[in-house]
Amino acid sequence: MDPRLDIIGERIKGVKRLIAVAGGKGGVGKSSVASVLALKLASQGRAVGLLDLDFCGPTPHLILGADTSEFPKEDKGVIPPKVAGIKLMSVAYYSKEANPLRGSELSNSIKELLAVTLWGKLDYLILDMPPGTSDTFLDVAKLLKPEFILITTPSKLSKATVEKNKNLIEEMGLKVVATIENLGKDIRTDSSFEQAVGSTKLLLNTQFSADLNKITEQLKRNLNTT
Amino acid sequence: MDPRLDIIGERIKGVKRLIAVAGGKGGVGKSSVASVLALKLASQGRAVGLLDLDFCGPTPHLILGADTSEFPKEDKGVIPPKVAGIKLMSVAYYSKEANPLRGSELSNSIKELLAVTLWGKLDYLILDMPPGTSDTFLDVAKLLKPEFILITTPSKLSKATVEKNKNLIEEMGLKVVATIENLGKDIRTDSSFEQAVGSTKLLLNTQFSADLNKITEQLKRNLNTT
Amino acid sequence: MHEWALAQSVIFTALKQRPKSRLKITIALGELQQVDEEIFRLGLKEFAKLEKLKATFSIKRVPAKLRCNNCNKEWLFSKGELSEREAESIHFVPELAHTYIGCPQCGSPDFTVVEGRGVWVEKIEVE
Amino acid sequence: MHEWALAQSVIFTALKQRPKSRLKITIALGELQQVDEEIFRLGLKEFAKLEKLKATFSIKRVPAKLRCNNCNKEWLFSKGELSEREAESIHFVPELAHTYIGCPQCGSPDFTVVEGRGVWVEKIEVE
Ligand SMILES: Nc1ncnc2c1ncn2[C@@H]1O[C@H](COP(=O)(O)OP(=O)(O)O)[C@@H](O)[C@H]1O
Ligand SMILES: Nc1ncnc2c1ncn2[C@@H]1O[C@H](COP(=O)(O)OP(=O)(O)O)[C@@H](O)[C@H]1O
Ligand SMILES: [Mg+2]
Ligand SMILES: [Mg+2]
Ligand SMILES: [Mg+2]
Ligand SMILES: [Mg+2]
Ligand code: NI
Ligand code: NI
Ligand SMILES: [Zn+2]
Ligand SMILES: [Zn+2]
């Protein structure tokens with residue numbers, strides 16, 4: 001018996017809302033949205049966790065400028081280090097290199113992190129998802145059953161993929177709370193974003209951050225009703 | 001015994017050069033480069049195959065405007081349909097939906113396609129890779145040992161990832177023939193690209209295509225020497 | 001007929017193992033892939049002749065047993081509810097079962113093909 | 001000490017299986033994860049007390065057997081060549097062995113952990 005599966009529920013029982021930021025394609029802005037959304041909610045006094053699940057291309061620690069030179073502290077489990085108020089858990093604390101992991105190994109790593117990370121009480125735990133609908137997606141759907149925010153760009157390729165994934169998620173009985181068009185009508189292309197990467201202070205002042213007001217308010221509104 | 005593993009060598013023995021278009025992150029232009037590169041080489045009289053290995057987000061058929069309404073023809077194997085002279089093989093012929101496949105299943109699908117597709121004689125077989133360094137990457141490295149062209153964007157996030165992956169590929173004893181900066185110094189952002197998507201004629205006339213001249217010539221030059 | 005390609009792969013496996021002997025090859029055909037056994041047998045015969053391999057073939061069909069990773073339900077694959085096109089897609093890429101089939105109990109596409117996926121060489125014996 | 005978190009998960013598995021009995025729990029500790037057995041045992045004792053579970057624990061250590069997917073070489077994990085930091089990273093996420101270790105024969109990071117990964121509950125018996 002895999003004991004990790006029996007403790008995961010305990011580890012997230014203090015979390016009010018679990019939100020996976022996903023979308024079929026890579027490079028559409030999932031990590032940027034997940035990171036800045038977490039930052040905005042935290043800066044507005046909410047208790048927020050951010051779990052980076054893209055083991056082959058971890059980025060939130062770079063976006064938020066987190067110090068990954070030391071291991072997270074431990075106290076009967078792993079305490080996710082705080083960055084600008086956000087509890088951030090990422091494979092980046094443990095590896096600075098490419099992680100050549102097969103799907104079954106990604107699956108195992110995710111279960112391991114979920115089993116040992118002590119999130120405590122959170123209003124929101126935001127999951128930064130990798131592209132695709134493979135192991136990480138299937139495991140998250142099964143183990144955590146989160147709500148989804150889907151990110152697309154205005155391109156045909158991205159829209160086609162996100163549409164398919166939305167159907168899949170809904171067929172699996174899970175909820176898509178919003179589909180956000182990045183680099184387009186919902187979040188505009190922000191030429192200052194790249195310079196703000198690495199600084200939580202600068203990030204909060206970007207147009208990108210302002211363009212996330214609507215979804216931030218939507219998430220805050222619904223917190224007590226779900 | 002898995003008989004597919006014993007026929008793969010036979011299926012690609014007529015291929016002079018195997019080139020995987022990869023790069024850590026998604027959305028950096030891997031499929032666009034792979035597709036237009038195949039198109040350019042084919043338009044210049046080379047025998048070219050294009051194998052789409054991104055089962056969770058297949059796109060070359062959309063970029064090239066391939067007709068996927070019918071199954072590929074069969075003759076003691078599967079004959080990859082031609083699009084503008086390119087032999088294109090893709091899961092898109094068999095599925096128009098999101099494919100929720102775990103890594104072991106991606107691995108199985110890839111072996112299946114490699115075992116049944118009859119490429120015949122080719123100067124180049126170009127592999128359009130999914131993001132990441134998971135099963136598809138590991139299987140391709142093991143079964144096909146291709147040369148790699150890596151794609152990045154100018155962003156810190158993308159460059160950090162591609163650098164890690166380059167190290168990994170080289171440690172695995174495989175060759176990176178070029179790292180190309182897309183949406184930047186090597187291939188400029190091309191506002192006409194999106195409109196050209198779906199038309200091989202328009203694609204060949206884009207600035208994007210012109211910006212691929214250098215790598216195209218490099219690949220042509222070395223064909224007889226490798 | 002892509003059954004020929006599958007048959008050819010079996011002949012290559014046999015050649016690799018024991019090229020010189022007279023062989024008895026036992027093949028499992030998983031029902032998920034819906035291989036046309038008659039054409040497959042023809043392919044085996046023709047490719048064996050072509051490669052000068054002396055062999056007899058024993059073919060057994062294996063029902064495709066699926067198990068849901070979400071609710072643990074086990075069931076057997078049957079192409080009953082599938083369209084012609086969907087069944088044919090699974091014939092080419094058996095993993096696309098995950099695209100076209102859901103668990104009969106919970107609907108999840110996240111299941112394991114426990115056995116009966118496709119073509120498998122079980123045994124190669126010298127006769 | 002994240003060993004406590006691992007120990008707690010074992011207690012939760014036991015509670016789920018047979019909450020009311022006096023139990024004998026057999027645990028395999030895979031060497032890849034380099035669990036500190038003393039702290040782990042302490043964690044088991046404390047969490048059992050906290051959850052009012054009566055149990056004894058039998059712990060066996062399992063060498064980590066690795067097999068290369070590229071060249072089939074088999075070998076046993078030892079943290080010999082690893083830096084302190086790398087070994088500690090594998091302690092937290094055993095899969096990172098693929099990041100820090102290569103096949104001793106061909107160098108490939110593409111290997112399978114055949115056994116001895118981490119914490120596994122082998123048996124829960126009523127005493
Ligand atoms: N609205 C935007 N304006 C400018 N740059 C953006 C915007 N959204 C994303 N980016 C940039 O696009 C790249 C991909 O974003 P990222 O969040 O890493 O995508 P994903 O997680 O989907 O792969 C990054 O370099 C990021 O800085
Ligand atoms: N140089 C470029 N100029 C304009 N658009 C581009 C360029 N390169 C890529 N794109 C667009 O970027 C998006 C992602 O490209 P794609 O080739 O699908 O990336 P990947 O295969 O790496 O995920 C597509 O919408 C594509 O049309
Ligand atoms: Mg990301
Ligand atoms: Mg692509
Ligand atoms: Mg098969
Ligand atoms: Mg473990
Ligand atoms: Ni067929
Ligand atoms: Ni520890
Ligand atoms: Zn089910
Ligand atoms: Zn090896």
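The structure displayed is predicted, hence computed values, not measured ones. In what follows, chains carry the letters A, B, and so on, assigned in the order in which the sequence lines appear, proteins first and then strands, with residues in each chain numbered from 1.
- Pairs passing the ring pair (Phe, Tyr, Trp, His ring centres under 6.0 Å) check and including a residue from residues 59-88 of chain D, sequence neighbours excluded, read D:W75-D:F111.
- When heavy atoms are compared at a cutoff of 4.5 Å, A:L113 approaches chain D solely by way of its side chain, counted from C-beta outward.
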Could you check D:F92 against A:V116 for side-chain contact (heavy atoms from CB on, under 4.5 Å), going step by step and ending with a plain yes or no?
CA-CA 9 Å; D:F92 284 107; A:V116 302; 5.5 Å; no
Once you leave out hydrogens and angles, what donor-acceptor pairs under 3.5 Å do chain D and chain A share?
residue	atom	partner	partner atom	Å
D:H2	N	A:E74	OE1	2.5
D:A5	O	A:R11	NH2	3.3
D:Q8	OE1	A:R11	NH1	2.8
D:Q8	OE1	A:R11	NH2	3.0
D:T13	OG1	A:D6	OD2	2.5
D:K16	NZ	A:D6	OD1	3.0
D:Q33	NE2	A:E112	OE2	2.8
D:R85	NH1	A:S69	O	2.9
D:R85	NH2	A:Y93	O	2.8
D:S89	OG	A:Y94	O	2.9
D:H98	NE2	A:E105	OE2	3.2
D:T99	OG1	A:N99	OD1	2.7
D:Y100	OH	A:Y94	O	2.5
D:D110	OD1	A:R102	NE	2.9
D:D110	OD2	A:R102	NH2	2.9
D:R117	NH1	A:E112	OE1	3.0
D:R117	NH2	A:E112	OE1	2.9
D:V121	N	A:M1	O	3.0
D:V121	O	A:M1	N	2.7

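- Residue with the most contacts toward chain D among A:P100, A:P3, A:A98: A:P3 (heavy-atom pairs, distance under 4.5 Å).
- Listed options D:V10, D:L96, D:I27, D:I90 were ranked by heavy-atom pairs under 4.5 angstrom with chain A; first place goes to D:L96.
- What you find for A:G77 and D:A5 is that their closest heavy atoms are CA-CB, 3.7 Å.
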